Amino acid sequence: ALLETNRRNAQWIHLQLRRSALAPSAWRLTVPVPLLDLVTLYVANDQGTWTSLSAGDTVANTGWPRPGLFPQFDLELSGKQVHDVYLRVRNFKNISLPIRLAPTQEREKQRNSEYLGMGILSGSLLVLIVWCAIQFVTFRNVIDGWYTLYTAFMTLSIVTATGLAAQYLWPLCPVWADLSYSVLAVIAVGSSLLCVRHLAALATRIVWFDRLLAIFGASSIASALLFWLTDRVTADNVSYFFFATGPLLGILATLLALRRKRPVGLWLLLAYLPQCLALVALLLQRFGLMPAFGCVVSDLRRSGPLWFPW
């Protein structure tokens with residue numbers, strides 16, 4: 001569901017849970033949204049005493065009930081009675097909030113699979129960084145040096161979008177963990193366009209568009225400062241403009257490269273097509289023409305700028 005929430009007004013969700021006779025008593029409630037500011041679970045024990053557990057960007061990851069990529073809470077559904085569970089959700093903007101409930105043992109298997117997939121992705125990107133660094137040291141080519149820095153930053157952006165960075169790189173810095181999703185994503189948009197501008201090599205044929213890519217990319221990177229200079233809502237609205245426009249400019253640059261029959265054009269098309277599909281899905285969801293798919297669409301928005309023709 002799409003929750004109308006902000007940091008001043010929290011939304012409450014009431015769940016009534018009762019397990020079947022053959023179901024296990026140990027369950028895990030998961031809110032698979034890495035960028036969620038704060039979610040607090042309230043549950044009563046057998047003596048009727050209410051306890052609360054909190055997780056989210058504004059809480060140090062080490063202080064979560066279960067440190068991880070996104071909020072998770074263990075529940076003990078003993079007996080045949082109905083268990084009342086309350087969730088208080090607070091985020092700086094409206095958000096589509098999926099809630100998953102699964103037996104603890106089953107959820108642990110899913111969790112291991114998630115970490116395995118992200119470990120393979122992160123490991124592949126680290127290998128790419130090392131290979132680029134070796135190329136730079138061997139041939140002393142400035143372009144290889146810049147590309148090494150670029151791939152390192154994009155890797156950092158990807159592990160941030162998936163929640164790995166908040167868990168392993170800055171688990172004790174909730175302020176930065178809260179901002180990093182937006183800050184690194186808008187910088188990634190600008191960095192990606194500047195790299196595409198270099199690969200498309202349009203400066204000799206279409207000078208005005210080449211300059212447009214340069215100005216837009218630099219402006220997107222500079223806009224990250226707004227998260228410290230203005231309020232969060234204003235800065236995020238500006239970032240939306242770059243999120244929406246960046247992939248379109250990337251596709252246009254790709255089509256121009258294809259028109260000139262440059263080999264890199266096909267790779268650019270494969271890189272930017274998923275971004276445009278994600279953008280269309282987000283726009284349809286925003287205007288109510290498409291149902292919300294929870295963290296899938298949310299993660300697409302954050303990780304969309306990160307697709308790149310490696």
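Basis for what follows: all heavy atoms, side chains included, without hydrogens, waters or symmetry-related copies. Keep in mind it's a predicted model, so treat the numbers as computed, not measured.
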Self-check item: From CA spacing to verdict: side-chain hydrogen bond (donor to acceptor under 3.5 Å, both in side chains), Arg100, Gln110
Solution: CA-CA 12 Å; Arg100 299 176 183 172; Gln110 295 174 353; 5.8 Å; no
Self-check item: Check against ring-ring contact (aromatic ring centres under 6.0 Å, His included), Phe216 and Phe242
Solution: CA-CA 8 Å; Phe216 188 92; Phe242 290 106; 5.0 Å; yes
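The hydrophobic cluster containing Ile129 does not contain Leu164, counting ILVMFWY residues as joined when their side-chain heavy atoms lie under 4.5 angstrom apart, directly or transitively. Hydrophobic clustering (ILVMFWY, side-chain heavy atoms < 4.5 Å, transitive): Leu193 and Trp146 are in distinct clusters. Transitive grouping of hydrophobic side chains (ILVMFWY, heavy atoms separated by less than 4.5 Å) keeps Val59 and Val39 in distinct clusters.
When all heavy atoms of Leu75 and Leu41 are compared, the closest pair comes out as CD2-CD1, 4.1 Å. Scanning all heavy atoms of the two residues, the minimum distance from Pro98 to Pro32 falls at O-CD, 3.4 Å. When all heavy atoms of Ala55 and Pro71 are compared, the closest pair comes out as CB-CB, 3.8 Å. Summarising the geometry of Leu156 relative to Trp170, their closest heavy-atom pair is CD1-CH2, 3.8 Å, with the distance given to 0.1 Å. Closest heavy-atom contact between Ala102 and Trp27: C-CE3, 3.3 Å. When all heavy atoms of Asn61 and Pro67 are compared, the closest pair comes out as OD1-CB, 3.3 Å.
Summarising the geometry, atom CG belonging to Leu179 is positioned 12.5 Å from atom CG belonging to Leu35; distances are rounded to the nearest 0.5 Å. From Leu29, atom CG reaches atom CZ of Arg107 across 11.0 Å, with rounding to the nearest 0.5 Å. Leu17 contributes atom CG, which lies 8.0 Å from atom NE2 of His83 (distance to the nearest 0.5 angstrom). With rounding to the nearest 0.5 Å, the separation of CZ in Phe153 from CD1 in Ile158 is 10.5 Å. Within the model, atoms CG of Asp144 and OG1 of Thr138 stand 9.0 Å from one another, a figure rounded to the nearest 0.5 Å. From Thr230, atom OG1 reaches atom CG of Asn237 across 9.5 Å, with rounding to the nearest 0.5 Å.
Remark: the backbone N or O of Ala185 is not paired with any side-chain donor or acceptor of Ser157 at under 3.5 angstrom. In this structure a side-chain-to-backbone donor-acceptor pair under 3.5 Å is missing from Tyr42 to Arg88. Proximity of a side-chain donor or acceptor of Asn91 to a complementary backbone N or O of Asp37 within less than 3.5 Å is detected. A distance-only check finds no donor-acceptor pair linking the side chain of Ser220 to the backbone of Gly217 [under 3.5 Å]. In terms of modelled atom types and a separation under 3.5 Å, the side chain of Asn112 and the main chain of Glu108 share a donor-acceptor contact. Looking only at distances, no side-chain donor or acceptor of Ser191 sits under 3.5 Å from a matching main-chain atom of Ala188.
Salt bridge Arg19/Glu76: absent, no basic N to carboxylate O contact under 4.0 Å.
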